[in-house]
Amino acid sequence: MPLLQIAEVTKGFGGLKALRDVSMQVDEGEIVSLIGPNGAGKTTLFNCITGTMPPNRGSVRFRDEEIVGLPPHEVARRGISRTFQHIRVFGQMSVLENVMVGRDFKGRTGIFSALLRPPRVGNEEAENRESCMDVMALFGERLLPRLNQPTRELSYANRRRVEIARALVSGPKLILLDEPTAGMNPNETEQLMDLIRLIRDRGHSVLVIEHKMKVVMAVSDRIVVLDHGEKIAEGPPSAIAADPTVIDAYMGRRQRAQAD
Amino acid sequence: MRSSRIRFPKFLLANAPVLSIIAVLAAVPPFITNMYYVQVLVFIGIYAILTLSLNLLNGYVGLLSIGHAAFYAIGAYASAKLSMELGLPWVLALAGAGAIAGFFGYLIAKPTLRLSGIYLTLVTLGFNMILFLVLQNWMSFTNGPLGIMDVPPPSIFGFVLSSRLQYYYLILALVLLTVLSMHRLMTCRFGRALTAIRENELAAEATGVDTTRYKIQAFVLAAFYAGIAGSFYAHFVKYISPDSFTINESFILLAMLAFGGQGNLIGPIVGAAALILIPEAFRPLQEYRMFVYGGVLIVMMLVRRQGLLGGRSYSLRWTRFDSAPARIYERGDKFLPEG
Amino acid sequence: MIKKMAVTGMMVGLILAGGIAGLEPALAAGEVKIGLSAPLTGDWAEYGNDFKRAVSMVIDKVNKEGGINGKKLELVIADSRGDAKESVLIAEKFVADPAIIAQVGDFSSSSTMAAAPVYEQAKMVQISPTASHQDWTKKGEFMFRVVATQGYEGPYNARWAVNDLKKKKIATIYINNDWGVDANKYFVGEARRLGAEIVAEEAFTPGEKDFNAVISKLKRLEPDLVYMPTFYADFTAILNQAERARFKPTVLANSSLFSVKTLEMGGRAVEGTMIPVNYFGSDPRPAAQNFTKEYKALYGTDPNQFAALAYDAAGVLVAALKAVGTDSRARVREGLIGLKGYEGATGPISYAEGRDPAKLLVRIMIKNGQWVLYKP
Amino acid sequence: MPSFLFDQFINGLTQGSVYALLALGFTMIFGTLRMVTFAHGEVYMMGAYMGFEIIRLLYPSFLLALLAALVATAMLGIVVELLAFHFLRNAPHATSLLVTIGISILLVNLAQKIWGPETQSIPFGRIDQLGNFEIEIAGVYITFLQIAVLGVTVLLMLVLYFVINRTKLGMVIRAMAQDYEAASAMGVNVNVIYMAAFAIGSMLGGVAGVLVGVYYNMFYPTMGGIYGLKAFSASVVGGLTSLPGAVVAGLLIGLVETFSVEFGASNFRHVFSFVFMILILLLRPGGLFGGKEMAHTRGD
């Protein structure tokens, strides 16, 4: 039974059809890459999965439960966390606080327990801090020295790492990474590839949108290719690299442009 | 294991700045002979609570509400009615007033939270206008423009307040309770969720924060605190009428918050104090006083838009003596910059 | 960096200026002060300034005549903006200054009532020229009123309308503030008791300008008299708009309308309006004549009802001080109660039977654009 | 239709056109700047006083009065835009809102100092010289001023509608309303256009001031207050960015208020317009005619 089952998802904005009958799946412990030219509907598919923008038609089943129509926070609580194409961190909050928010939905401190502060609240906070430290340790020296720094003062790559740490800290079953290596230099990209593998080894399945073919080919177990809102190919990296329709989708555009 | 004997002085030293402020506020007033100054402090207390409650919405969650005086009014009228017609002792009337104001906060928040920015602001403005007009025209219940008179003084377990100093200590206690409760709320999961909503609502939602529920809770809390301030005002002045709760009152609260700075617990208090002291200090100018008020507002917004103390969160603790529960994140510790 | 300096400079400047201004002015030995709390800004600024002019006139005159037992009187004026919070703080400021022996003010009932407990506790006389809330004087022993309450003027007008003018179908248009609500309630109560039929009671929110809707409604109901407890601005607006709609009812109103502004802004639309007044420009009584002459000489305009009431408030206070001296606040109260035969601009004032003075009302009306004595 | 209903209908239209005229100014300013201003009531008041001074002192002609009001309110509008928006271009809403509140406090007190707190009016002699004929329809007398207010409102709306939708300046203003950074990237001198739009909005306030001031013949420093907020609710109900919406909403509110007086709830007349505003905000956040997409948070 696949972890994530997407069937005939369609999403339109007025006349424009961003996604047309897209079906795919992600299995336990798998790294699936979602590739395609700009505007192919990749981020829109992410938004359909996470509930930010529910699809017009089609179903998304996660661990055999239909999640279309659920608000984004319910989807997150069921074990799907995500990062965004344009980094969305809580700028004025410190790095530690940012990551702690990722795990806060597991806590039970409401208004009254916050006011009365039973010992449970203290333990919960400490426990939360503890798991945040574990996750941030994955990034070695990058985040740990900057725990109390406001996130807006961090470099682009570090802010991206905070976003990933925030998505990881709640121990999601499936993590959606939206162009994680965008804006990173080759060295940082290399480190991120190791991180993605590490994430998979720690038991999280990964669905990643990526443009750098080097990363896609090296990291993915399977690749899904979207073009103009339609799935045009799916399969292991080797098959996709040789697939004529994929090449046409990427290259064809240039040839057709030259022909006109 | 640290014995508590050593921990207690550490606690004192760490919170020395806060404790010393409270000590001064508690010890000095009995020696002030001129009751006028004590009375000004009482009004600063009332408006500090109101501005802090507005800060919950504007400062922490980023919802611009310009009708906050409506909850202040609901608290005042509810408390007066509860104590005069149901004969409730003041403490219950206070809690009742807060609860009723909170309930109205819920009524306003529930249907309007899916609206964005300026539209939500306009609903709060509309609500303030409607409430003012209802208070002014519902003769049978609120006695309309004649207002409600002879509101009984507050009494705590039978002890009836009479001297202005007693009122001062009561409002001081209420302000401290407000600040303590807001501090506790803000430094745990609840506070992080509100700030996350302000910083980036979409990311907060995707990270598992039920933004709608938290925004409603923030509204209910803000209304509750404003209701508490309203209840104190009613029993302190003992006469309430609609024209103390007009839209101008909401503008004054907004001005205090913007002037003092929002997003932390100190800015609103400083703002409330400043915008009560300035008109009082310039009273001899009589009608030119309002020119100073308007002018100061404009200059502050142009020169320092986050207000005097806005834009960052302050901790009044001396971290060197921090006796907070044993720090468990050693790994991060060794990287932490000193102090 | 400049911004930082600008802000700190501004704050330091404010605090310094505030500190100096807020300091208690050094108490000259034996100096006696009277406090005046009135709305110098805000919606009721106009009437606050009437207070300021009339009361300063009285104080200056007394000082010219050598003050009270040789001591000069100083007037401390504070702007309450007609706001309850401000008037409570002003009350505290006055009460805290030992030199202030009594207080005149405030204009609106709400600010007067909010401040009453402060004056009561300090046993300082609070005399309001215009506060009309029926139960205000019950708030304490030190609350004195100069204007006749609506509990007195309302029934008086009702008797005038029903018994003397023989009107049976009456409508009312009243301003929806504390004064207007009382004025309407007591008039309508008495008028119904006397057998008249009240066809409509129309309240309007202060600041309202468009009365066409109310006028069209009343035109349909055809009342034979319209009772209008309002101020001159709303009153003239209603009647101007009524004239345009060819609706010319018999109009009875209140002493609040006695002012040259009513004539100026009303023109022919207000012809025939009848009102009872305490003070009346061409009232032959010497007290009224002197006041009118002095006020016109000093300020160049004819005084209105509110100026006359403030003039009398200061007048009775001075009379009381002359009687009981200026050393104790509480004795000022006795001075006022013991006042005998005080002739004010608004008629004789005595607090013997109670602190709501029974004021004799004179009936006047507008004829050829002038206020004249009313002749049936 | 019984004559008194028709009579009230005319009253409703006149009252409504006053709100509509004022709402046009709000809509113009909000439509371009996306900023709410609380000083517009006071700009309207200043415009009224300008008209008052010209007609009273100089020469009782509407045109001259309107001209003076236009010039004064345009300058005032530029000052407000400069203080409240120009320097605070990327500041949060609340900051600019507060500066406009500060400005409105200053303007009211300034007017109280210059013209005194009491209500003033144009002497009757001068008013009649402005031309005061009436027409009578079915027993109802409609004065020249009532027609003027309604006529000018509709005229201004058409002119503005044309300017906004058919001229180059209009196109630029609409572009800036969507995304002023993009517009400035396209070489649009954003600051000048903002000032122009704000000046036009304020001039609308000036026209309203003269017309409404003379119609009611009442001039006092706090005349901007309740009318400012009422016009505000009209422009919100109209959709905050739609000029025809503001006019229709203003007329609608005028009619609702008038008939609420007719059917017995005269002191609740003002409550209806704000209840009306909240209902519209909840049910049709974009207002009657406003763009729908403005209201919802967009996920991207």
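The shown structure was predicted, so the numbers you read here are calculated from the model rather than taken from an experiment. Naming: A, B, ... by sequence-line order, numbering from 1 per chain.
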Top contributor to chain B interface from A:R117, A:E124, A:Q149, A:E125 [non-hydrogen pairs under 4.5 Å]: A:R117
When A:C132, A:P72, A:G51, A:A76 are compared by non-hydrogen pairs under 4.5 Å with chain B, the top option: A:P72
If you count the non-hydrogen atoms of other residues, nucleotides and ligands that lie under 6.0 Å from [atom1] in [X], is the total more than 12?
X	atom1	value
B:Y106	OH	no
A:H211	NE2	yes
A:F112	CZ	no
B:F103	CZ	no

side-chain contact (heavy atoms from CB on, under 4.5 Å) between B:D210 and A:E74, worked out: CA-CA 8 Å; B:D210 184 346; A:E74 282 306 326; 5.6 Å; no
Say you draw a straight line from [atom1] of [X] to [atom2] of [Y]; how long is it, rounded to the nearest 0.5 Å?
X	Y	atom1	atom2	result
B:F190	A:T109	CZ	OG1	11.5 Å
B:M182	A:L115	CE	CG	10.5 Å
A:M93	B:T195	CE	OG1	5.0 Å
B:L202	A:H86	CG	NE2	11.5 Å
A:F90	B:R198	CZ	CZ	11.5 Å
A:T151	B:E199	OG1	CD	8.5 Å

side-chain contact (heavy atoms from CB on, under 4.5 Å) between A:R166 and B:T207, intermediate numbers included: CA-CA 8 Å; A:R166 184 180 68 197; B:T207 321; 3.7 Å; yes
Toward chain B, the part of [X] with a non-hydrogen atom under 4.5 Å:
X	value
A:V75	neither
A:L116	backbone
A:N98	neither

Side chain, backbone, both or neither of B:T187 within contact of chain A (heavy atoms, under 4.5 Å): both
Under 4.5 Å from any heavy atom of chain A - which part of B:L221: side chain
Under-4.0 Å salt bridge between B:E205 and A:R88: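 Looking at B:E205 and A:R88, the cut-off is not met.
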Pair B:V209-A:D104, side-chain contact (heavy atoms from CB on, under 4.5 Å): steps then yes or no: CA-CA 8 Å; B:V209 173; A:D104 267 339; 5.7 Å; no
Between B:A193, B:A204, B:G263, the one whose heavy-atom pairs under 4.5 Å with chain A are most numerous: B:A204
